[in-house]
There are 2 protein chains.
Amino acid sequence: MTDAAPTGEITGRRRRSGAATIYDIAELAGVNPSTVSRALNQPGRVSAKTEEKIRKAAADLNFHANPMARALPTGRTHTLAVVVADITNPMVFGVIRGAERAASQAGFTLVIAESQESGSLEAGTIDNIAPSVDGIVLATSRLPDEEILRLAQRKTIVTLNREVDGIPSVISDPAPGVSALVAHLADLGHRAIAYLGGPSRSWISGRRWEALMHAARERGVAVFEIGPNSPTLTGGEAAFERAHASGATAVVAYNDLMAIGLMRAAKAAGVSVPDDLSVVGFDDVLGDLLSPSLTSVHADLTGMGTRSVARLLAQLGANGSHEDAGPITTELVIRESTGPSPR
Amino acid sequence: MTDAAPTGEITGRRRRSGAATIYDIAELAGVNPSTVSRALNQPGRVSAKTEEKIRKAAADLNFHANPMARALPTGRTHTLAVVVADITNPMVFGVIRGAERAASQAGFTLVIAESQESGSLEAGTIDNIAPSVDGIVLATSRLPDEEILRLAQRKTIVTLNREVDGIPSVISDPAPGVSALVAHLADLGHRAIAYLGGPSRSWISGRRWEALMHAARERGVAVFEIGPNSPTLTGGEAAFERAHASGATAVVAYNDLMAIGLMRAAKAAGVSVPDDLSVVGFDDVLGDLLSPSLTSVHADLTGMGTRSVARLLAQLGANGSHEDAGPITTELVIRESTGPSPR
DNA sequence: CTTCGCTTGTCAATCGGTTGCCAAACGAGC
DNA sequence: GCTCGTTTGGCAACCGATTGACAAGCGAAG
């Protein structure tokens with residue numbers, strides 16, 4: 001009698017969690033674990049019959065490869081990160097949504113990290129997550145260029161609305177929307193436009209201002225910048241005084257949040273929007289909810305999220321490289337906050 | 001001559017990424033790798049002198065332990081997930097922000113997953129991320145109770161605004177806010193209140209309705225429910241007709257988004273808020289931005305996010321268990337959308 | 001001076017996959 | 001029937017950390 005043959009005891013490999021491993025599959029299918037690995041990852045490497053058998057066993061056991069174990073030898077984690085300055089900024093929601101979708105479609109997991117508008121915190125956050133992700137989208141980075149370049153040496157990086165030499169980026173080109181915006185305001189009789197700038201570290205704020213200047217010059221409209229400001233409700237409120245004093249009949253804010261803050265301050269001061277003052281935002285994330293609803297330069301934020309992840313995946317050599325080059329376009333959405341110039 | 005001693009060639013361990021490993025530290029400090037591990041993770045296990053030396057070496061090399069490699073033997077990934085039905089629901093922003101903060105403070109990474117309001121997709125999403133996280137917060141789950149119980153067997157779970165037998169949860173108790181709300185409306189002369197319910201799968205919508213009924217009974221005010229509705233702007237808009245036809249002079253919506261939709265439809269129909277109709281929301285996420293601004297039952301969403309992560313960590317035995325028990329309270333925030341009853 | 005007991009560091013196995021290398025098996029062509 | 005070339009599957013090392021078991025080192029007590 002073979003008392004070395006146990007009745008029903010543990011096979012020697014202790015089960016930590018309920019998850020099935022390739023060893024379980026191998027046993028069930030009667031093959032070597034390495035054969036299981038090949039069958040599942042390298043199509044054609046094993047015979048069709050064996051592969052079929054293994055796939056069936058995997059399905060029976062509801063097998064999901066442990067991402068950690070897989071990441072160790074390959075160095076690829078199948079995880080991407082989006083780093084944002086401020087999670088509560090509605091602009092990032094759309095980006096995150098698009099990124100999440102593109103990532104999960106490619107079998108990648110998305111991690112969100114917040115740097116709370118602080119450059120040093122951002123660097124620390126990135127250091128923390130870097131080892132466990134394959135690539136990073138810097139959505140609203142406040143880091144200096146050289147720091148981004150340094151990071152890019154260690155990790156695949158894509159920037160959003162930020163141009164750094166040699167780093168792939170996804171940019172929403174403000175020109176089309178701004179051009180339509182200035183035309184719209186000029187048609188309404190406005191002759192002086194104020195721009196409420198965003199944070200000085202924001203690359204895209206500068207681009208928006210440039211586009212505005214350019215379009216205004218072409219139309220013969222005066223523009224001037226007021227700023228920098230905090231890209232928040234409070235920032236917009238705080239800037240109202242100066243904007244109003246400037247004599248501008250239309251104010252273009254760096255983003256919707258600031259525009260809303262401005263409208264609020266205007267209301268408190270008894271200034272009517274749009275009768276006394278026209279207000280415009282950027283990003284078009286909230287304009288629809290307000291009353292008066294907000295005219296805004298719309299960008300396809302979801303598309304930007306999707307595309308930034310696609311760029312990342314392309315760099316990683318992960319998927320069909322349908323190099324969708326070129327900047328993302330913007331368009332004007334006219335709502336109630338813009339009206340004829342009072343003058 | 002010892003030609004076995006190479007001049008400056010590779011030490012045998014190839015460097016995959018730039019990241020330093022405990023082997024590098026061990027070499028630099030002249031100790032065994034396992035000593036490095038203990039020095040960094042088990043305070044007191046090695047002599048103060050050795051620990052000091054090792055910490056210095058680690059700092060010199062800018063060492064960050066590879067989370068994957070660490071997760072493999074321990075089974076602990078130092079990652080938590082928040083699963084939400086819809087990323088664009090502003091209610092989840094606050095939750096995510098709080099959760100992110102609590103997690104990163106404890107040295108954990110946060111993963112956000114979206115189930116797009118679909119129960120089956122939610123289950124699939126969770127299956128996907130489960131192997132790589134230590135615990136999961138179900139923020140707005142649409143899963144049936146038994147499914148959640150099944151998941152809880154495999155993974156540590158905390159629910160948010162959802163009570164399932166035996167599962168730890170973080171609940172915002174609507175009673176205090178609702179009680180104040182009904183008092184407020186009664187004082188304004190309202191005698192009939194309509195409640196616009198949320199999705200039928202939403203546990204918290206039922207709780208809010210119950211609290212409303214209870215408070216209304218005590219005050220001798222009539223209430224009735226209209227629903228279920230989609231918890232969105234559109235859902236609120238669509239419900240306006242019925243709400244208005246009901247003869248109620250005040251409408252309480254399941255959340256702010258629906259309240260805003262309702263106000264919009266009211267405006268389009270020439271019904272003035274608050275003169276003809278008082279409108280109230282829940283969660284207090286957007287009310288401040290609108291005009292008229294929205295009266296809402298405020299819940300500390302950030303606190304809920306923080307607390308749900310704390311619960312998770314406590315269950316995982318990860319941090320100081322300051323069992324902050326008891327539901328989260330709510331309070332009424334009175335703004336412009338409520339006024340005297342027109343009757 | 002010896003022994004005991006405690007501290008401190010080392011060895012080696014392990015987590016769950018991946019992959020280079022090699023050998024067995026198999027089919028085809030002579 | 002034999003040889004050759006190609007599939008196909010197995011063995012074992014490896015990724016970077018953790019950890020149980022154990023031995024060396026050390027001081028103190030007898």
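Protein chains get the first letters and strands the later ones, always in sequence-line order, with residue 1 at the start of each.
Looking at A:Thr140, its side chain does come within 3.5 Å of a backbone N or O of A:Ala85 through a donor-acceptor pair.
Summarising the geometry, the separation between CG on A:Leu72 and P on C:dT19 is reported as 12 Å, rounded to the nearest angstrom. Distance A:Gln42 CD to C:dG17 P: 15 Å, rounded to the nearest Å. Atom pair B:Ile54:CD1 and D:dA17:P shows a separation of 13 Å (rounding to whole Å applied). Nucleotide D:dT18 holds its P atom 8 Å from the CG atom of B:Leu40, rounded to whole Å. A straight line from CG of A:Asn66 to C1' of C:dC15 spans 9 Å, rounded to a whole angstrom. Summarising the geometry, the separation between CD1 on B:Ile25 and P on D:dG16 is reported as 13 Å, rounded to the nearest angstrom. Separating the CD1 atom of A:Ile22 from the P atom of D:dG10 is a distance of 12 Å, rounded to the nearest angstrom. A straight line from CG of B:Asp24 to P of D:dG16 spans 9 Å, rounded to a whole angstrom.
A salt bridge does not link B:Arg150 to B:Glu146: none of the charged nitrogens lies less than 4.0 Å from a carboxylate oxygen. Between B:Arg97 and A:Asp86 there is a salt bridge, with a side-chain nitrogen of the basic residue lying less than 4.0 Å from a carboxylate oxygen of the acidic one.
In terms of position along DNA chain D, the nucleotide closest to B:Met68 lies nearer the 5' end than the nucleotide closest to the other residue of the pair B:Met68 and B:Thr35. Projected onto DNA chain C by closest heavy-atom contact, A:Val36 and A:Arg45 fall at different nucleotides, the more 5' of which corresponds to A:Val36.
Of all non-hydrogen atoms in B:Pro131 and B:Thr77, the two that sit nearest each other are O-CG2, 4.3 Å.
The phosphate of D:dG9 (OP1 or OP2) has a side-chain N or O of A:Ser47 nearer than 4.0 angstrom. One finds a side-chain N or O of B:Thr50 lying less than 4.0 angstrom from the OP1 or OP2 phosphate oxygen of C:dG9. The phosphate of D:dG16 (OP1 or OP2) has no side-chain N or O of B:Thr21 nearer than 4.0 angstrom. At the phosphate of C:dG16, neither OP1 nor OP2 sits under 4.0 Å from any side-chain N or O atom of A:Arg70.
With distances taken from any side-chain atom of A:Asn32 to the nucleotides C:dG9, D:dA17, D:dC11, the minimum falls on D:dC11. Comparing C:dG17, C:dT19, D:dA17 against the side chain of A:Thr74 picks out C:dT19 as the nearest.
Using a 4.5 Å heavy-atom threshold, the side chains of A:Thr35 and A:Thr50 count as touching.
Here B:Ser37 lies in heavy-atom contact (under 4.0 Å) with a base. Residue contacts shown for B:Ser34 include a base, since a base heavy atom lies under 4.0 Å away.
Taking 3.5 Å as the limit, the base of C:dG17 and the side chain of A:Arg38 contain no donor-acceptor pair of atoms between them.
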